[in-house]
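All chains are named by letter (A, B, ...) in the order of the sequence lines, taking the proteins before the strands, and each is independently numbered beginning at 1.
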Amino acid sequence: MPPRPTFAALSWRQISQIRAHFIKSPQPHILNPLLGTLTSSAAPHSALHLYNLMIGLPAAHNHYTFTYALKACSFLQARHKGTEIHARVLKSGHWSDVFIQNSLLHFYFVHEDVVSADKVFETIDFPDVVSWTCVVSGLSRCGFEREAIDKFVVMDVKPNCSTLISVLSACCGLRELNYGRAIHGYVLRNWSEVTINLWNAILDLYAKCGFLVGARNLFVKMPERDVFSWTTIIGGYAILGCHEEAIKLFQEMLRVGPEPNEATIVNVLSACSSNGALASGEWVYTYLSSRPDFPLDGPVGNAQINMFVKCGDVDKAIHVYNKLESKDIITWSTITSGLAMNGRGNHALQLFSLMLVHGVSPDDITFIGLLSACSHSGLINQGLMLFEAMDRVYGVKAQMQHYACVVDMYGKAGLLEKAEAFIRAMPVEADGSVWGALLNACKIHGNEIMFERVRKRLVGSRSVSVGTLALLSNAYAGCERWEDANRVRDEMRLGGLKKMAGSSWVEVSPVINGDEVELTSASLG
DNA sequence: ATAGGGTTAG
């Protein structure tokens, strides 16, 4: 729940200026623009101060006043004040003003109050394109992507660029690549005036869905490319782990494109966060020394730490970590899990204590790192203690990945019976990742009897993922049990997994192919 | 003078 705004932060000087304005000319056509200026200023709470003054005097406000005030409430997360304004709108007789209704819609969606937003929408007699866009984007941002698309389908006014951007962001959340491609086609056929933001939204959908051929073609054909376009396509390569392509594009951007911003750096470093990408990562690191305008604390510093630990350069990661003045939960989680991945489990646990000393509370992801640290380093007692304290002390509920870590921990230590007993004692049914961890342990320790038992259990389970079956198949193949390996492959094909395998394996396939447009300074015009 | 949209780390 966002805090109510305090007006104490307003200086006396500002207050007296506003009062002077108010006394000198208490007419809406003077005060409303002032209200608008204050709303988009560095101190939107001063807008609410002026609004309070205006509301006290009927001649000083009109219907415009409410839209400005609601915008200030959306900025400020001033939920209570916004509902108060809503009540006043209803009393004032302006309840059918579509500008005010749209402002209310936006206000409620910003506060993730989907129910109130929907109620407002239902009261609008003739929703216009802004009302519809507001609903589509609001539903999408609140996690109701399917409902957002459903609204878009039934809207009875012509959409514009903003509407399409909103529905594309819903498609992004659902990985609805084909729906997005249909929108792309519709735009190409029917629209002449397309904003760069709309091209960027299509680009983002393609990038997030791993459809890099489409993204790259669009990127080259777009009439212009801004920093969002470059950042988005680099992010697409990052998702697929293609660091060579990402770093090439980044260097191209430095030559012919706009100035990179923090998001660009985060994306390109994320692309370099894989084995063998240290040289690319260090190239970006060197570039950063020419950009003292980027604050190190926050995403840029964290992304550097992540890159170095993933590339195996722990000392460099610690060097960056030491330079950070304020470390957030992502810093701590990155460095602890990174140390764990590089075999420094004890060091990871020490930093966990330090994190607590700094007053940062661990979350679910922190514990995945810690538990895997214990697993990697054979620190089984510490791991079990952490798992037990996770919920009891830190209020973090165990998820499948945590259970899988514990099974992995037992498994690595050769305690296969304990691992299996742990799975059977779980309060929720284990999924493929948990059974897979046990299977892996059986394979490592050559326990064929348990392997067979787990296999039977797995194949009968509906929650088993393609990855687990692939692991099973590979495990058989590893023991040269080819018939068993093939049987599992057949089970994968027949067991309703075809679709799943198709969608997740095909789309992530190679990125660069022959028919792609070569990206050069010339083609960028 | 009034309303809606895009890239960011574990």
Report the distance from atom [atom1] of [X] to atom [atom2] of [N], rounded to the nearest whole Å.
{"X": "A/Phe109", "N": "B/dG4", "atom1": "CZ", "atom2": "C1'", "answer": "11 Å"}
{"X": "A/Asn32", "N": "B/dT2", "atom1": "CG", "atom2": "P", "answer": "10 Å"}
{"X": "A/Asn102", "N": "B/dG4", "atom1": "CG", "atom2": "P", "answer": "8 Å"}
{"X": "A/Leu38", "N": "B/dA1", "atom1": "CG", "atom2": "C1'", "answer": "14 Å"}
{"X": "A/Trp132", "N": "B/dA3", "atom1": "CH2", "atom2": "C1'", "answer": "16 Å"}

A/Phe121-A/Trp132 aromatic ring centre distance below 6.0 Å: yes
Do the two ring centres, one from A/Phe99 and one from A/Tyr64, sit under 6.0 Å apart?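 Aromatic pair excluded; centres sit 6.0 Å or further apart.
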Run the salt bridge (charged side-chain N to carboxylate O under 4.0 Å, His left out) test against A/Arg181 and tell me which residues pass, sequence neighbours left out.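 Listed in chain order: nothing, the list is empty.
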Got a salt bridge between A/Arg141 and A/Glu112, using NZ or NE/NH1/NH2 to carboxylate O under 4.0 Å? no
Give the table of side-chain donor-acceptor pairs shorter than 3.5 Å for residues 142-150 of chain A, with sequence neighbours excluded, one pair per line with atom names and distance.
unit_1   : atom_1 : unit_2   : atom_2 : d
A/Arg146 : NH1    : A/Glu176 : OE2    : 3.0
A/Arg146 : NH2    : A/Glu176 : OE2    : 3.3

Taking any heavy-atom pair under 4.0 Å as a contact, classify A/Asp97: base, sugar-phosphate, or nothing. nothing
Among A/Leu105, A/Thr163, A/Asp128, which one satisfies side chain to side chain contact (heavy atoms under 4.5 Å, CB included) with A/Cys134? A/Leu105
Indicate whether OP1 or OP2 belonging to B/dA3 is found under 4.0 Å from a side-chain N or O atom of A/Lys71.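 Result: yes.
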Going 5' to 3' through nucleotides 5-10 of chain B and flagging B where a protein heavy-atom sits under 4.0 Å of the base, S where only the sugar-phosphate is that close, and - otherwise, we get BBBBBB
